[in-house]
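All values derive from a computational prediction rather than experimental measurement. The sequence lines fix the lettering, A, B, ..., with proteins before strands; numbering per chain opens at 1.
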Amino acid sequence: MAPDPAPHAAAVAAGAPSLGSRRRRPLDARRVARGAVPYLLITPVVVAIGAILGYPLYHLVSLSFQRYGLPELIQRQGSWVGLDNYRSVLEDRIFWDTLVRTVVFTAANVGLTMVVGTLIALLLLRLSTPVRILLTSGLVLVWSMPAVVAVQVWYWMTNFQNGVLNYILTEVGFGDYFQHDWYASTFSQLSMVTLLIVWGAIPFVTVTVYAGLAQVPRELVEAAQMDGAGPLRVFRDVTFPTLKPILLILTSLSIIWDFGVFTQPYLLIGASHVDASNYLMGVYVYIEGYAHSNFGRGAAISILMLLMVAAMSIPYVRRMVRMGDTA
Amino acid sequence: MRRRAWDAVGIALFVVLVFPVYWMVSTAFKPDDEVNSLTPTWFPTSPTLDHFRDAMARPYFWDTVRNSLIVVCAAVLFSIVLAFLAAVALAKYRFTGRKLFIVAMIGILMLPPAGLVIPLYVVLARYHLTNTLTGVTLTYLTFVLPFAVWTLRGFILGIPKDLEEAAMVDGSSRVGAFVRILLPLVAPGLVATSVFAFITSWNEYIFASVLLSDQSNQTVTVWLSYFYGTSRNTDWGALMAASTLTAVPVIIFFLLVQRRIMFGLTSGAVRG
Amino acid sequence: MRARIIGAAVLVGAALAVVASTASGGTQATNSITVWLQTDAQATNWEPIVKAANAAFQKDHPGVAVNVQYQTWGNHLQKFDATLAGGNAPDVIEMGNTEMTKYMAAGAFQDLSSEKASIPNSSTWLEGLAASGRFGGKLYGVPYYAGSRVVTYRTDLFKKAGIKAPATLAQFTAAAKKLAAQNKQKGFSPVYIAGTDWYVAMSFVYDYGGSIAKQVSGKWKGTLASPRSIAGLTAYKSFFGAVSKASKTTDEAHPNPYDVYAQGQAGSMIGPAWFSCCVGDKYKASTAQFVMPSRTVGQPLPGFLGGSDLAVPIGGNKALAVDWIKAYTSNASMTALRAIGNIPNTTSLLGSSVNERAAKRSWFVPTAKNWVNVENGNILRNMLAQILTGRLTVKQAAQSASDNITSVLNANV
């Protein structure tokens, strides 16, 4: 255990109300108790997650090394094939195309979500109270729609036959969008999915950043403003550093979610339109692994996805972990 | 003047963001021929409550609402408490295995749910928890907890050190300082996290649909899928009405807690 | 805040109490059976038939409760897989007839061959439906009900154009031209067919004597590139171009053809007979149906015989399950199912409704265990989109799809 940096903090940590020489106490029950505190604090979480996810995680990994289709599922017995599943996936052209497509998709989604979400949070600070309440309520309304419902509404608004989107675009004068099929090309399909996902993700980012803005020390902001700093400077020097942990978390979470997203693309593009030309990783693992009942292969793809997402989030995770070190 | 311009932007943003929600709610009130008209009807000219009646008359509506509320409240409560404890440990203490724990938390979030559905079902079947709300709640906990721990840790870390130290110099014990000064500061984070936990649990579909096969046990999102999961007629009006109804508890919950977030901004960082 | 915590704790306590009292878990007591039917059977005119079957079953088995759980087509197979893995599969399950082969080949169902004789009407089962329940010479699925495809049309528009129900495809095309001339509004389709509606497109293929795939010495071979299949596809392309303004790349549920019809944008539509339920109040009175003609007089276009089978998963209580199936497919039950517009599972009860006449000539998908993967991969839909948009010639698209199908059907999963 690393020694505490400041003497008075150590004294406080020992539970003493005053500064002093308690630091040099020999190992005793209290010290041990103090050392055990963090472990006690994390035990409930570890137990809760371990009891439920422990076996499934082990099973997922072991499945990825087995030949495990529907017959094997029924007999509860697979056959060991080593790295065959991984090899078949990595040799599959579709896997690599999907990966590239998903990375680009994720970058676009995360970028839009974080930028727009943070801007709206900053905007909220500048609004008069009634408008702020209005906008916050609007965000809650958006946030409260389940993904499956949002997809239905979105589809309904953009559908070929009588979608509102086509009507608005034609009326406003962007051209003739009568019965324009927004789901005809891969780019169009994925753009619709992006809009839907970003729309749905903004409230969470905005609310969380807004909560984080609450922790920005008021007097530092005022001091900087009195020094003559403009809003951009204030943001860069005062607001952003305080927000940093939260922005890092949100970005890493967004990457994770957007990379593996399934519901929105699968339901919006539609089960009958989804194929190798517009697969995203979340849909790919579902179709190739589970719709085809090839559970071993599905497990291998899941593990690969996990590794890829981990790789993509390393810079953020590392920074987050290190941030704790200076605390 | 400045404020007026910002307000205009805020209102415009509101209109754009909320339009799909408006569309859903207004469709719920439109009679069938307006729902399906070739040109959109912006405002229901002869609003009807038929769709709401249809939706509520569908089998098990009230049961599923009750089920969802139970699952969600339990999930939120347990996840906030447990995650907060763990987040404090991660943010404030140094112990071996700390880094591993943090990485494990975010690692769990990276798992694609599709891969876990069947293994999880098998585990719950062994505990005889399939087709029960407890099983579903526990499943949700495993996904909400890592997120909550991860986020709350960030909030706790974000509290400036000098505030904590100022509190201790004041003469309060660590726990005392914590509760009096830090807890209110972390409150917005707790609220944001609980809102997320609430909404995630309320809206979750994949696990609920596989784990709960008895319709009287199902949650609201699974109940909704029966509106469009049939190979026959999709009753758009009733689907929109049902969707509107299912959004109500979330809105109520947030309205209840949103004052905490507002307070966070105005309470200021340092007193005196 | 404290009040809220207490409130939440009370709720949790209540929840646990509720859960404890209703925990059914995964164990199957022998005093109840679990039946999975699709939510189609939950319709107000259908559920009484289910209840009647339950009552008949319980007369013979007084202590046994019947727990009917309705599933949706979207994820019922995924749920089924989970229960198979967890060891608590239902006793009876309704499967779509195209879904059967995969599960029969995997050993998911119990062999019902010895029970066949005692199941009502088993000697007169509709062959198109019964074939989907057989595998390796054994019986695994009992035919439940079927549905074919018919043309639902606007009697008033036909009357105005002076058309009668056409007897051949050529006549139908001519009739469509008349309808188009009289209904010039933008987006109006004399015959609404969704571009990638492969059920309709393959009907053309089979009408010309083509097929999707054939089994040759144990291996599957895609046959969409044969001259006859190509003739059928070409005929479909020209028919579609002449009669339908639907999107060339979207399917028959996006949008629903009956929604288009209800907007007044279709003179007729090809689809299941139950489409007539949802044509909207405006056109309900002026809607009727006729059998889709083929290129030869007097023959209907071969229709896809959709339908469901009832099977007993392994681990289920076979005796009770079969008894329930007997009750649900009894003459009384089948007559009632027919009365609400379905095709019954037995030729002995076949009447001459439009639906049933259309079923006289039908086709079915290749009974390969990987067929589901062809559907999931949207191979046929993509082929049709490529053909209709002109991105590929009929020959190119058909060849590519055929090769694709060959490899998918023969893949070793």
Side-chain angles (χ1 to χ4, degrees), chain A residues 2 12-13 15 17 38 41-42 44-45 48-49 52-53 55-56 59-60 123 126-128 131 134-135 138 140-149 153 157 162 164 167 207-208 211 214-215 217-218 242 245-246 249 256 260 282 285-286 290 298-299 302 305-306 309-310 317 321 323-324 327, chain B residues 3 6-7 10-11 14 17-18 20-21 23-24 38 40 82 85-86 88-89 91 93-95 99 101-102 106 109-112 114-116 119-120 123 138 141-142 145 150-151 154 157-160 168 171 173-174 185 188-189 192 199 203 205 221 243 247 250-251 254 261 264-265 268-269:
Chain A
V12 168
L41 289 175
I42 67 170
V45 171
I49 297 182
I52 301 293
L53 274 189
Y55 174 76
H59 194 54
L60 187 68
L123 173 70
R126 286 169 174 69
L127 295 175
S128 61
V131 181
L134 183 70
L135 190 53
V140 172
L141 284 176
V142 172
W143 202 0
S144 63
M145 280 180 83
V148 288
V149 171
V153 177
M157 292 192 330
N162 64 349
V164 139
Y167 185 78
V207 167
T208 312
Q215 294 176 336
R218 250 290 156 77
T242 321
I246 294 173
I249 301 170
I256 294 169
V285 67
Y286 176 78
Y290 298 95
S302 299
M305 274 179 73
L306 174 61
V309 172
V317 174
V321 173
M323 220 161 243
Chain B
R3 187 144 268 200
W6 287 125
D7 278 356
I11 294 178
F14 172 79
L17 279 180
V18 170
V21 183
W23 196 245
M24 172 183 84
L38 200 54
L82 296 184
L85 295 177
V88 166
Y93 291 85
R94 281 186 146 136
F95 55 98
K99 288 217 181 113
F101 184 68
I102 299 177
I106 199 153
L109 290 176
M110 297 186 201
L111 293 166
L116 290 171
L120 212 120
V123 168
L138 288 172
L141 268 184
T142 60
L145 273 176
W150 189 245
T151 311
L157 284 177
I159 296 172
M168 289 179 202
S173 69
R174 192 164 191 180
L185 278 176
I199 290 181
N203 291 347
Y205 172 69
T221 36
S243 308
V250 179
I251 298 176
F254 191 89
I261 301 189
L265 257 192

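In terms of heavy atoms, B/Trp6 sits closest to A/Leu127 at O-CD2, 3.2 Å. The minimum heavy-atom distance between B/Phe14 and A/Gly138, with the atom names listed, is CE1-CA, 3.6 Å. The shortest non-hydrogen separation linking A/Leu60 to B/Gly115 is CD1-O, 3.4 Å. Counting all heavy atoms, side chain and backbone alike, B/Ala86 lies closest to A/Val45 at CB-CG2, 3.7 Å. Looking at every heavy atom in both residues, A/Leu135 comes nearest to B/Gly10 through CD1-O, 3.8 Å.
Among B/Thr142, B/Leu116, B/Asn203, B/Leu109, the residue with the largest count of heavy-atom pairs under 4.5 Å with chain A is B/Asn203. Across B/Ile102, B/Leu17, B/Leu138, B/Leu141, the residue that shares the most heavy-atom pairs under 4.5 angstrom with chain A is B/Leu17. Chain B forms more heavy-atom pairs under 4.5 Å with one residue of A/Val149, A/Val285, A/Ile246 than with any other, namely A/Val149. Across A/His59, A/Met157, A/Met305, the residue that shares the most heavy-atom pairs under 4.5 angstrom with chain B is A/Met157. Ranked by heavy-atom pairs under 4.5 Å with chain A, the first of B/Ala89, B/Gly189, B/Pro20 is B/Pro20.
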Could you go through A/Leu53 and B/Leu120, starting from their C-alpha distance and side-chain angles, then the distance that decides it, and tell me whether this counts as side chain to side chain contact (heavy atoms under 4.5 Å, CB included)? CA-CA 7 Å; A/Leu53 274 189; B/Leu120 212 120; 3.7 Å; yes
Working note: A/Leu41 + B/Val88, criterion side chain to side chain contact (heavy atoms under 4.5 Å, CB included); need CA distance, chi angles, decisive distance, verdict. CA-CA 8 Å; A/Leu41 289 175; B/Val88 166; 4.2 Å; yes
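Contact of A/Leu134 with chain B is made through backbone and side chain together, with heavy-atom distances under 4.5 Å. With a threshold of 4.5 angstrom between heavy atoms, A/Leu141 approaches chain B through its backbone and through its side chain. Both the backbone and the side chain of A/Met145 come within less than 4.5 Å of a heavy atom of chain B. Residue contact with chain A, scored on non-hydrogen atoms closer than 4.5 Å, involves the side chain of B/Ile199 exclusively. Both the backbone and the side chain of B/Trp150 come within contact range of chain A, judged by heavy atoms closer than 4.5 Å. Proximity to chain B involves both the backbone and the side chain of A/Ala48, based on heavy atoms less than 4.5 angstrom apart. Both the backbone and the side chain of B/Ile106 come within less than 4.5 Å of a heavy atom of chain A.
Among residues two or more places apart in sequence or in another chain, the side chain to side chain contact (heavy atoms under 4.5 Å, CB included) test is passed with A/Leu306 by B/Met110, B/Leu111.
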